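Letters A, B, ... mirror the listed sequences (proteins, then strands); counts begin at 1. Note that the structure is predicted; figures quoted are calculated from it, not measured.
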There are 2 protein chains.
Amino acid sequence: MSDESWSPPAVLVAVDLVILTLRSSKLHVLLVERGIEPYRGIQALPGGFLNNDQEDIIAAAHRELDEEANLDGSKLHLEQLGAYGQPDRDPRGRIISVAYLAIAPHLPEPVAGTDAAGAAWRPVAGVLSGRVKLAFDHRKIVTDGVERARSKLEHSALAAAFCAETFTISELQQVYEAVWGVRLDPRNFYRKVQGVPGFIVPADVTRRTTKGRPARLFRSGPQTVLHPPIVRP
Amino acid sequence: MSDESWSPPAVLVAVDLVILTLRSSKLHVLLVERGIEPYRGIQALPGGFLNNDQEDIIAAAHRELDEEANLDGSKLHLEQLGAYGQPDRDPRGRIISVAYLAIAPHLPEPVAGTDAAGAAWRPVAGVLSGRVKLAFDHRKIVTDGVERARSKLEHSALAAAFCAETFTISELQQVYEAVWGVRLDPRNFYRKVQGVPGFIVPADVTRRTTKGRPARLFRSGPQTVLHPPIVRP
DNA sequence: ACAAAAGTGTTCCATTTACACCCATGA
DNA sequence: TCATGGGTGTAAATGGAACACTTTTGT
């Protein structure tokens, strides 16, 4: 404390990404297989170190999103989860990771093309249950990310980030059902969502059709906080 | 990326504390006057650098809580707010700050004795409105901390952390009113709080008295998440 | 015509709100 | 006995859950 020659320790800062999306109505997270030690061959979150000491942390998150997941970060939802800094979390030394939560829309493309070895969408259920082993403290980070997403569906317009630019109300319902892991009544959901001013706005008279009566299309509205909220059952 | 000799940049990591408490039924935050440049003489959050490269971040927060605010960290609520890492946030160079939110009970003691120059409880209203100037990005951090507290009052037992070991229901109500900045009906609040199983439990038949009918005393219950929640009006 | 999904109306029930009222104590 | 805050009862308003029912399309 009173040591004049003392100077604060410098540490390495990494960024890790919890990228969630919906595939066949199930919640998935993007994982990569580690190509180097430690945890070589084990699944891990995409991420990496800051590029230089002038790079903003969220800019590094955007960059990794592009490099490792081939996703245009400027378009999708990205928010900070927090800092993970247990001294022993990385055997290479003191590394503090700032984790981010990203939500990717369900794109028609088959898989995310990436330069990282073996990047793949994995069902979140397998990760949370512990059936999929993760490197470092990444399972804890995924758990926190999923809980954040679950919580934010209630009070924010986050659900729309899982959808394409335009979407039907039942597509939106599938987001809530997949993330929360519950079944919702389509009729009540329909009105509840419509009853939140500014959450979703009608997109033209356009309609899309698969089977049954075509649904109206909507796009994300101006409101980011939901009044009233869509509450979990 | 493909540069073999590249190594990640090391940065300095600091911890900043948003310590909230209630004084005369108003929400206050602990600020210190900076004794050195940059921002000498300006109000700032208590905080400091990691002690060494083995110190856990939350341990550093506990230590600063003790050093700068003379508060026993083991007893009060402490949770991470997030990492603040804009490259230009500190003119001395690249410093990433991990911010924590702490809730201190309203102690009978006059002021928190501290070794930092001019530590004092300041009304949060003055800080949020911009009337009190803060160093670095600390105003943003306080804003985030207060919003976190407001939000967590709804779904968690955080409010009890503002109170002494035992408290009356109307004291608990004052917490909600001060943090949310609203008036609540005492009669409905009384029942609503009692209707959440495990939130508060009766403490003996003991009672305290000032004016009017003495109130029953309660202590914090085992439940940390509130079912049903206490919702903001 | 039928299946399937979209969208509407309505009933029932739990929760919330507003407020009248009673209780226990100090001065 | 009066003022003051603690605590209870209750009726009206609100909002959510459940579900019957109508609409619009493809086959």
Sequence neighbours left out, cut at 3.5 Å: what donor-acceptor pairs do the side chains of residues 226-233 of chain A make with other protein atoms?
none

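Scanning all heavy atoms of the two residues, the minimum distance from A/K133 to A/Q43 falls at O-CB, 3.6 Å. A pairwise comparison of heavy atoms in A/I96 and A/A83 identifies CG2-CB, 4.5 Å as the closest pair.
Residue-environment remark: CD (B/E165) stays at or below the threshold of 12 foreign heavy atoms within 6.0 Å.
Side chain of A/H77 to backbone of A/I103: no donor-acceptor contact under 3.5 angstrom is found. Checked by atom type and distance alone, the side chain of A/S156 never pairs as donor or acceptor with a backbone atom of A/L153 at under 3.5 Å.
An OP1 or OP2 oxygen of C/dA6 is reached within less than 4.0 angstrom by a side-chain nitrogen or oxygen of A/S170. Note on B/R216: a side-chain N or O is less than 4.0 Å away from OP1 or OP2 of D/dG7.
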Tabulate protein N/O versus nucleotide N/O from nucleotides 24-27 of chain C, keeping only pairs under 3.5 Å, one per line.
none

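For A/D16 and A/Y84, the side-chain atoms include no donor-acceptor pair closer than 3.5 Å.
Residues that satisfy the salt bridge (charged side-chain N to carboxylate O under 4.0 Å, His left out) test with B/R131, not counting sequence neighbours, are absent from this structure. A/R150 is linked by a side chain to side chain donor-acceptor pair (under 3.5 Å) to nothing, counting only residues two or more places apart in sequence or in another chain.
Aromatic ring orientation, B/H138 versus B/F136: tilted (interplanar angle from 30° to 60°).
Near DNA chain C, meaning a heavy atom under 4.0 Å away, the residues from residues 171-197 of chain B are B/D185, B/R187, B/N188, B/R191, B/K192. Residues from residues 219-233 of chain A with heavy atoms under 4.0 angstrom of DNA chain D: there are none.
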